[in-house]
Colleague: 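This structure is in structure tokens; I'll ask about it shortly.
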Amino acid sequence: ERYASIDSLHSQALAIYAFSFFQKGDFPKMIGAARQSLQIARTLSNKKLEAFSLSMLGAFVMLQGNVAEGTPLLEQSLAMYRELGDKIGQADTLERLSYSGDSLEQVRGLEESLRLNRELGNLAGIAVCLNILSRITVWRGDFSSPALWLEEALSISRRLGNPITEAYALAVSGTLAYWQGNYQKTDTCYRESILLAEKTGDHFSNHWSRVHLAYSVLRQGDNQQARRQFVDSIRETHKAGMTVALVYAVEGVASLNVNQNQAER
């Protein structure tokens, strides 16, 4: 029993350790640690720990761009949390399931997560849900609804002193401004987000904000600066194993060549 307790703590520590690799932008180590956590949880037949490990691993795999592998892991976790009656676990996993895209199913899951977090009074969870719901809504072409959500997310983040969710809210605000054609605000939001990400060592947010900032620079006609930023992003996201961000950065470089009849390149 004593050793099982130690193993349980080890599994939890590995899952949290994996999250630290996520913030550092080291995806291979992040996924490796999450897989170890899940293996220990299953060896112990600890359902709550297994649900937690599945949720973390599913989210990490999803963020790397592997939706086909990540979705079933998160669905298993959600089913286990529902069986256990763990509302916090359900809220967290429903939020992570939204990483797979912007379909109505993902939006509904995110809205359920937001409802659970409000019911539980979990301010940090509310801010995260509002950030992701705003991002998805912008992707779906609605540029009016997210403004109030982002304002609430920023207010909560600053009240809690949480620079990570604040950086995320600023980044989504930058995306909203980008699609509204307000590139000056886009630059301001992304630069503030990058500063916060650098202070907290959140390389994931830092890399993504830099890719998006490069697109804003490109839209403003500074191709040379945009190229430098895209090339830097390609190098850093490749090093970190951030596949989706790497693709965005490569597409940015490719778009520089469209006017030179080099679209194939």
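We count residues from 1, following the sequence as given.
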Colleague: I need the Ser233 OG to His212 NE2 distance, nearest 0.5 Å.
Modeller: 10.0 Å

Colleague: Should Met242 and Phe204 count as side-chain neighbours, where that means a heavy-atom distance under 4.5 Å?
Modeller: yes

Colleague: Is Arg115 salt-bridged to Glu119, cutoff N-O under 4.0 Å?
Modeller: yes

Colleague: Working to the nearest 0.5 angstrom, can you tell me the gap between Lys199 NZ and Ile164 CD1?
Modeller: 14.0 Å

Colleague: Looking only at non-hydrogen atoms, find the nearest pair between Ser157 and Ala153 and report the distance.
Modeller: OG-O, 2.8 Å

Colleague: Indicate yes or no: at least one non-hydrogen side-chain atom of Tyr178 is less than 4.5 angstrom from one of Lys185.
Modeller: no

Colleague: Got Trp149 and Val172 here, is their nearest side-chain heavy-atom distance under 4.5 Å?
Modeller: no

Colleague: Is a salt bridge present between Arg35 and Glu69, judged by a nitrogen-to-oxygen distance below 4.0 Å?
Modeller: yes

Colleague: Check Glu75 against Leu97 and note the closest heavy-atom contact, atom names and distance.
Modeller: CG-CD2, 4.2 Å

Colleague: Identify the two heavy atoms, one from Thr137 and one from Leu133, that lie closest to each other, and give their separation to 0.1 Å.
Modeller: OG1-O, 2.6 Å

Colleague: Would you check, one step at a time, whether the test side-chain contact (heavy atoms from CB on, under 4.5 Å) holds for Leu57 with Val61?
Modeller: CA-CA 6 Å; Leu57 178 59; Val61 170; 3.9 Å; yes

Colleague: Locate the shortest heavy-atom distance separating Ala226 from Ala214; write the atom from each residue and the value.
Modeller: CB-O, 3.8 Å

Colleague: Give the C-alpha distance, both sets of side-chain angles, the deciding distance and a yes or no for side-chain contact (heavy atoms from CB on, under 4.5 Å) between Ile126 and Glu152.
Modeller: CA-CA 9 Å; Ile126 291 169; Glu152 184 181 358; 4.1 Å; yes

Colleague: Give the minimum heavy-atom separation between Leu104 and Arg140, together with the two atoms involved.
Modeller: CD2-NH2, 3.5 Å

Colleague: Determine, step by step, whether Glu112 and Arg118 satisfy the salt bridge (Lys or Arg N to Asp or Glu O under 4.0 Å) criterion, reporting the C-alpha distance in whole Å, the side-chain angles of both residues, the deciding distance to 0.1 Å, and the verdict.
Modeller: CA-CA 10 Å; Glu112 184 183 349; Arg118 289 197 188 280; over 6 Å; no

Colleague: Between Leu148 and Leu123, is there a shared hydrophobic cluster once you connect ILVMFWY residues whose side-chain heavy atoms come closer than 4.5 Å?
Modeller: no

Colleague: Using only atom types and a distance under 3.5 Å, with no angle test, would you say the side chain of Ser155 pairs donor to acceptor with the backbone of Glu151?
Modeller: no

Colleague: Could Arg135 and Trp139 be counted as a cation-pi pair, given that NZ or CZ must be under 6.0 Å from the ring centre and within 45° of the axis?
Modeller: yes

Colleague: Please examine the side chains of Asp92 and Ile88, heavy atoms only from C-beta on, and report whether any two atoms are closer than 4.5 Å.
Modeller: yes

Colleague: Walk me through whether Gln180 and Thr186 qualify under side-chain contact (heavy atoms from CB on, under 4.5 Å).
Modeller: CA-CA 9 Å; Gln180 291 174 324; Thr186 300; over 6 Å; no

Colleague: Quiz question: by atom type and distance under 3.5 Å, do the side chains of Gln225 and Arg228 form a donor-acceptor pair?
Modeller: yes

Colleague: Please assess Val231 against Arg227 for the test side-chain contact (heavy atoms from CB on, under 4.5 Å), listing each intermediate value before the final yes or no.
Modeller: CA-CA 6 Å; Val231 170; Arg227 181 183 295 278; 4.2 Å; yes

Colleague: Is it the case that the side chain of Thr200 and the backbone of Ala197 share a donor-acceptor pair, with hydrogens and angles ignored and the cut-off at 3.5 Å?
Modeller: yes

Colleague: Any side-chain to backbone donor/acceptor pair from Ser98 onto Leu94? Under 3.5 Å, distance only.
Modeller: no

Colleague: Taking all atoms of both residues into account, what is the closest heavy-atom pair of Ser255 and Leu218, and its distance?
Modeller: OG-CD2, 3.4 Å

Colleague: Less than 3.5 Å apart, any donor N or O on the side chain of Asp187 or Gln220 sitting next to an acceptor on the other?
Modeller: yes

Colleague: Assess, by modelled atom type and distance only, whether the side chains of Ser37 and Ser53 contain a donor and an acceptor separated by less than 3.5 Å.
Modeller: yes

Colleague: Starting from Leu213 and following side-chain heavy-atom contacts under 4.5 Å between hydrophobic residues (I, L, V, M, F, W, Y), which residues can be reached?
Modeller: Tyr190, Ile194

Colleague: Any side-chain heavy-atom pair from Arg42 and Leu54 closer than 4.5 angstrom?
Modeller: yes

Colleague: Establish whether Leu78 and Met56 are linked, either directly or via other cluster members, by ILVMFWY side-chain heavy-atom contacts under 4.5 Å.
Modeller: yes

Colleague: Check whether any side-chain N or O of Ser193 sits under 3.5 Å from a backbone N or O of Cys189 as a donor-acceptor pair, and report yes or no.
Modeller: no

Colleague: Is it true that Asp142 and Ser145 share a donor-acceptor pair across their side chains at a distance under 3.5 Å?
Modeller: yes

Colleague: With side chains defined as the heavy atoms from C-beta onward, is the minimum distance between Glu251 and Val211 less than 4.5 Å?
Modeller: no

Colleague: About how many Å separate CG of Asn131 and OG1 of Thr165, when rounded to the nearest 0.5 Å?
Modeller: 6.5 Å

Colleague: Rounded to the nearest 0.5 Å, what separation is found between the OH atom of Tyr99 and the CG atom of Leu63?
Modeller: 5.5 Å

Colleague: Give a yes or no on whether a salt bridge exists between Lys239 and Glu236, defined as a side-chain N under 4.0 angstrom from a carboxylate O.
Modeller: yes

Colleague: Distance alone, cut at 3.5 Å: any donor-acceptor contact between the side chains of Thr93 and Ser55?
Modeller: yes

Colleague: Below 6.0 angstrom between ring centroids: does that apply to Tyr215 and Phe230?
Modeller: yes

Colleague: Please round to the nearest 0.5 Å and tell me the distance separating atom CG of Leu116 and atom CG of Asp86.
Modeller: 10.5 Å

Colleague: Using a 3.5 Å distance criterion without hydrogens, assess whether the side chain of Ser77 forms a donor-acceptor pair with backbone atoms of Leu73.
Modeller: no

Colleague: Please work out whether the ring planes of Trp208 and Tyr248 are parallel, tilted or perpendicular, with thresholds of 30° and 60°.
Modeller: perpendicular

Colleague: List the steps and the verdict of salt bridge (Lys or Arg N to Asp or Glu O under 4.0 Å) for Arg210 and Asp232.
Modeller: CA-CA 9 Å; Arg210 288 181 182 279; Asp232 286 345; over 6 Å; no

Colleague: Using the rule that Ile, Leu, Val, Met, Phe, Trp and Tyr join whenever any side-chain heavy atoms are under 4.5 Å apart, tell me whether Leu195 and Val217 fall into a single cluster.
Modeller: no

Colleague: As an exercise, state the distance from CZ of Arg96 to CZ of Phe60, rounded to the nearest 0.5 Å.
Modeller: 7.5 Å

Colleague: So, does Asn117 use its side chain to make a donor-acceptor pair with the main chain of Ser113 at under 3.5 Å?
Modeller: yes

Colleague: If hydrophobic clusters are built from ILVMFWY residues whose side chains come within less than 4.5 Å, do Leu130 and Leu170 share one?
Modeller: no

Colleague: Among the clusters formed by ILVMFWY side chains lying less than 4.5 Å apart, do Phe143 and Leu150 turn up in the same one?
Modeller: yes

